[in-house]
Amino acid sequence: MEEEQQQQHLSLSISLSVVSAASSSSEENSNPSDAVIFFGLSLALGIACRHLLRGTRVPYTVALLILGIALGSIEYGTHHRLGKIGDGIRIWSEIDPDLLLAVFLPALLFESSFLMEVHQIKRCLAQMILLAGPGVALSTVCLGVVLKLTFPYNWSWKTSLLLGGLLSATDPVAVVALLKDLGASKKLSTIIEGESLMNDGTAIVVYTLFYRMVLGETFNWVAIIKFLAQVSLGAVGMGLAFGIASVLWLGFIFNDTVIEIALTFAVSYIAYFTAQEGSGVSGVLTVMSLGMFYSAFARTAFKGESQQSLHHFWEMIAYIANTLIFILSGVVIAEGILGDENVFYHGTSWTHLLLLYAYVQVSRCIVVGALFPFLRYFGYGLDWKEAIILIWSGLRGAVALALSLSVKRSGGKSSELTPETGTLFVFFTGGTVFLTLIINGSTTQFILHYLGMDKLSAAKRRILNFTKYEMLNKALEAFGELGDDEELGPADWPTVKRYISCLNDIEGECVHPHGAPENDSNLDPMNLKDIRVRLLNGVQAAYWEMLDEGRISQTTANILMLSVEEAVDLASSQPLCDWKGLKSNVHFPNYYKFLQSSMFPPKLVTYFTVERLESACYICAAFLRAHRIARQQLHDFIGDSDIASAVINESVVEGEEARKFLEDVNVTYPQVLRVVKTRQATYAVLNHLIEYVENLEKAGILEEKEMLQLHDAVQTDLKKLLRNPPLVKLPKISSIHPMLGALPSSVRESLASCTKEMMKLRGLTLYKEGAKSNGIWLISNGVVKWESKMIRTKHSFNPTFTHGSTLGLYEVLTGRSYICDVVTDSVVFCIFLEADKIRSCLKADPLTEKFLWEESAIFLSKLLLPQIFEKLGMQDLRTLIADSERSRMTIFIRGETIEIPHHSVALLLEGYVKTQGRQELVTAPAALLPSHGNLSFQNLASSGI
C-alpha cells in the first residue's frame, strides 16, 4: 500500500511538474509585444463587424462580445491554443481591473458627455438624478435582498449588497453604443445616456462603500452619508475645476487644432486619475462633469475644420475603446467561466445565473415603476412606451465586469471574500453582462419597432417625399450643366438615372408637403411644429457660419445656440420664441442698478455698461441676420404655403424688438455699432486674405514655404485682432458736450475739473419734479424724456432730449425747484455739475451769465413748445438762439409793454406778465405766442424774454 501511495504521489508530482513546466514555458515564450497582436486583431474584428452589420440595425457591440467569448473559449477551454494571439489574449485578460477602467473609461465618458446637448441635460437633469440616485439605491437593496434570501452561498448581507450594487450600474459604454446604433429619439437617448453616465458613477461609489465594509471597515449612518456626499459632490466640483482651468487654457490657443484636441484628451485622463487616485472621489463623475462643462461652455471654442476634426477624433477614440473593451469583456467572461471547473460544470450555477438575470430585470422594473410618477412630471416627461424602453435598455457592461474582477483579486483578504466568492462574482457578473447584451441589446430594436417608436411622423414623411422630387429636379439641372462636354460630347441620361437608384421609387406627381388631407386644417399643429423646428435648425446653422466668419464671439454663440435649442423644445406649444431666451442678455440686469448706486468707480461702471451694450448689439445683429437667412432658405425650399408663411411671419414679428434696439443704439450710441461693424469687417478681411493665399498655393502659383510665410503673417494679425480688438471710445470732457466747448477756457477748465461722469441705465430718474435743484445734467449719449404735472401741453407727445442737451440749468439759474421729472429712455452717458460750481462761475465771469440763460432757453423751448421745436435738432436750436439777428434776450421793467411780432415766439424766463385783453396772469416759465397779429403783454415784474 505504501509503495502504491508513493507511486501515486510520484505520478501526481510528475503531472503537476509537467503542467507547471508547460505553464512556465508558455510564460517564458510570451513577449509583452504580443499584446499588440491582440490589439490589432481586435480592431480588425471590429472593422469587419461594423462593415458587415452596417444597415442591419444589429448592434455591432453584441457581435464583438460574442467574438471575444469565442476567442477566450478557444484559448482557455480547449487544448487548441492560439499561439502568439493567445499569448496576447492572456496578457490583456490579466490586466488589472482598475487599470482597465482607467484606460478606457475617461475617453468613453468624456466623448458621451461632451456630445450631449446642454439644454437637454438641463431639462432631463432631475430625471437623471432620480434614476442615478434613489434608483441605484433601490436596485441595490432589491438585488441584495433576493441574493441573500434565495442564493445558497451563505453570503452575508454586506456581500449580497456588494454584488447588488455592482450589478445596479447600467453601463454607459454598452448603452451609448446601443442607442447610437438604433437611432433612438434625442429625448429618450438623453435620459438613458445621462442616467447610465450618472448611475455608473454612483454605483461605483456604492460598490466602494460595501467593498470597504466587506473588508472589515465599519460605518455608521453619519459616516455613510458623509462618504457618499464627499465622493459624489467632490467629484462634481473637481470636474468643474478641471473644466474651468482647461477652458481658460484653451482660450490662449489660437488656430492650432492638434493642440486643442490633445488638450481635451489629456484633461479627461488627468482629471480621472486625480479624482480616483489622488483625491479619493469618483473619477467617473469627475469626467462626466468635465464633459458636460465642455459641452456647455467650450463647444463653440472649436469651429470650422477644428470642430470637424474634434468630432472625428473622439468618434475614432470611442470606436477603438468600444471595440477593445467589448472583445476584452468577452475574453474575460470566457476565462472567468472556464477557469473554474466547479462553476462551469455545476448545473446549479447556470440556473442561478438565469435566475439572477431575471432578478436584474425585475429590479429594473421596480425602480422605473416606483419612480414613474416623478419621471412623468420632471423634464420632458415620460410615457409608458418610453418607460418600457428605459427598463429594457438597462444593459450591464465592462464597468460591472471590471469591478467583479477587483473582487476576485481581493479573494482571501477577508473571511467573507473567499476565492470561491470572487470566482462566483465574475461568473455571475460576466453572465449578466452577456445575457443583457445578447437578449436586451439584440431585441431593443424590435421593441422600438413594435411600439412604433422608430417610425417617421406623417409631416416628416411628406417632407422626405417632397425632397426626393426636389433631388430629381436638381439631378436634371446638374445633368444639363455637365452632360454636354466640349471635348467628349453628350452623356446618356437614362444610364445616369439608372445609377441614381435612391430616386427610382418615386411614383406619381410631386405633392407639396403641406397639401393637407381633405378633412384636416391647413395649419396642422404637427406641420407647424415641423416647419418651426426646420427654421430654427437653419437659424442655428447660420449662427455656426457666423462664428466661423468671426461675426460673433464664442460667448455670444453659446447664448444664441442655447436660445434656439430651448425654442425647439417649445415649438409644438407656442410660436417661435428664441428671442424670448435672448431678452435677458440684451436688456440690462438688475445688478447694474446696484453697481451704479454703490461705491464702484464710475469709469468701471461705464466700461461694463459699454461692454454689455456691445454684446447686446452682437446678439441682435446675429439674430436678425440668422433669421433672415433661415427664412430665405425655407422659402426657397418649400415655396409658398400657409404654414410656411405663418412661420415666416412669426420670425419677422420676433425680430421687431431686436431691430428697434439696434435703431435706438444707432441714435444714442452710434460709436458702439461702428466698433462692432469694424471688428466684423476686419475679421472678414483677414479671413479672406488667408483663403486667397491658400488658393494661390493650391493653384501652384505659390510654393508651400511662400504660402506659409504669408499665412503666418496674416494669422499674427488675426491673433492681434482677437487679443486687442478695437474698443468703444467715449469722447473727452472738453468735447463731450457743446455747452462746455462754448464756454471761455478759464471757466471751462474750472468746471471740467468738477464734473462727474456717469452711465445711467434705462428707466432711472435723473431728478424729480419739485425736488431742490442741486445741479445740472449734460447729456453726451442717450435719450431722456420728461414728465410734469405742472406743465401741460395740448399735444399728445412729450419731447425727448438727446446728445447735447443741458438739463436743470434753468432751475439752477433761477433757484427754483425742478419743474419736471427727467427719466432716462435708454442707456445714457452724462455729466453732472453741482449748482454751487455754476453759481461760482457766474460770479467769476459775468459774461457767462448771458450764455447760460440762452442755454437754458434751449431746454425750455422744447419743453414748452414741442409742436414747434420737436423736430429741430439740439445743435440747430442752439445755433438759432445764438444768432443775434434771429433771437435776442431782453430785460423788461415793471409796467412796460411786451410786443410779440407775428411769426415769433417768446419765452418768459423770470417774473410775471399779464395779458392786456383778458388780464390773465402768466408766470415763468411760460411760452408767449401771438394769436392774431401782434400780441401785447403788460409786465408786472422784472422778466427776461
Side-chain angles (χ1 to χ4, degrees), residues 117-119 250-251 254-255 257 260 295-311 533-568 576 578-583 585-586 611-637 648 651-652 654-655 657-659 661-662 665-666 672-691 714-715 717-719 721-723 725-726:
E117 295 185 8
V118 182
H119 82 288
L250 201 62
F254 180 76
N255 278 6
T257 304
E260 291 171 347
S295 178
F297 298 102
R299 186 172 45 161
T300 54
F302 309 93
K303 41 191 179 178
E305 295 180 358
S306 295
Q307 190 187 48
Q308 294 180 2
S309 300
L310 179 75
H311 176 75
V533 170
R534 293 180 192 278
L535 185 134
L536 289 170
N537 289 337
V539 169
Q540 191 170 52
Y543 288 150
W544 278 112
E545 187 177 351
M546 283 186 270
L547 179 63
D548 293 339
E549 294 172 352
R551 289 181 176 271
I552 53 177
S553 65
Q554 295 174 18
T555 304
T556 304
N558 281 328
I559 294 170
L560 292 167
M561 303 285 187
L562 186 59
S563 71
V564 172
E565 291 165 352
E566 291 174 345
V568 168
L576 293 174
D578 49 326
W579 173 252
K580 185 178 179 181
L582 298 174
K583 281 185 179 181
N585 295 284
V586 172
E611 283 288 312
R612 180 77 178 194
L613 262 182
E614 284 184 43
S615 174
C617 290
Y618 274 114
I619 289 173
C620 291
F623 176 84
L624 292 172
R625 179 181 175 84
H627 270 261
R628 185 172 65 251
I629 293 172
R631 288 197 301 266
Q632 186 61 48
Q633 290 174 341
L634 182 64
H635 182 268
D636 292 344
F637 172 71
I648 288 174
S651 171
V652 172
E654 265 205 309
E657 191 171 343
R659 190 174 291 104
F661 178 86
L662 291 179
V665 173
N666 192 36
V672 173
L673 289 182
R674 194 177 304 117
V675 165
V676 169
K677 189 61 182 176
T678 301
R679 287 182 191 174
Q680 292 180 345
T682 308
Y683 196 100
V685 168
L686 290 172
N687 266 337
H688 179 72
L689 292 177
I690 291 175
E691 292 177 4
V714 180
Q715 287 279 12
D717 292 336
L718 195 56
K719 186 187 297 185
L721 170 67
L722 296 177
R723 296 284 185 266

Could you tell me which non-hydrogen atom of [X] sits nearest to which non-hydrogen atom of [Y], and how far apart they are?
X: G655; Y: F623; value: CA-CE2, 3.8 Å
X: V675; Y: P726; value: CG1-O, 3.2 Å
X: R679; Y: P725; value: NE-CB, 3.7 Å
X: A630; Y: L535; value: CB-O, 3.6 Å

Let me confirm one number: the [atom1]-[atom2] distance from [X] to [Y], rounded to the nearest 0.5 Å.
X: N585; Y: I559; atom1: CG; atom2: CD1; result: 4.0 Å
X: I629; Y: L624; atom1: CD1; atom2: CG; result: 11.0 Å
X: I552; Y: E545; atom1: CD1; atom2: CD; result: 10.5 Å
X: Y543; Y: R551; atom1: OH; atom2: CZ; result: 13.5 Å
X: N537; Y: E565; atom1: CG; atom2: CD; result: 10.0 Å
X: I619; Y: T555; atom1: CD1; atom2: OG1; result: 9.5 Å

TODO: Decide whether N558 and Q554 meet the rule of one side-chain donor and one side-chain acceptor closer than 3.5 Å.
DONE: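 The criterion, which ignores hydrogens and geometry beyond distance, is not satisfied for Q554 and N558.
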
Counting C-beta onward and ignoring hydrogens, is there a side-chain heavy-atom pair between [X] and [Y] closer than 4.5 Å?
X: F661; Y: L613; value: yes
X: W579; Y: S651; value: no
X: E260; Y: L310; value: no
X: E566; Y: K580; value: no
X: L722; Y: Y683; value: yes
X: Y618; Y: Q680; value: yes
X: E549; Y: N687; value: no
X: L718; Y: I690; value: yes

Do side-chain atoms of [X] reach the backbone of [Y] as a donor and acceptor pair under 3.5 angstrom?
X: S615; Y: R612; result: no
X: N666; Y: L662; result: no
X: E654; Y: D578; result: yes

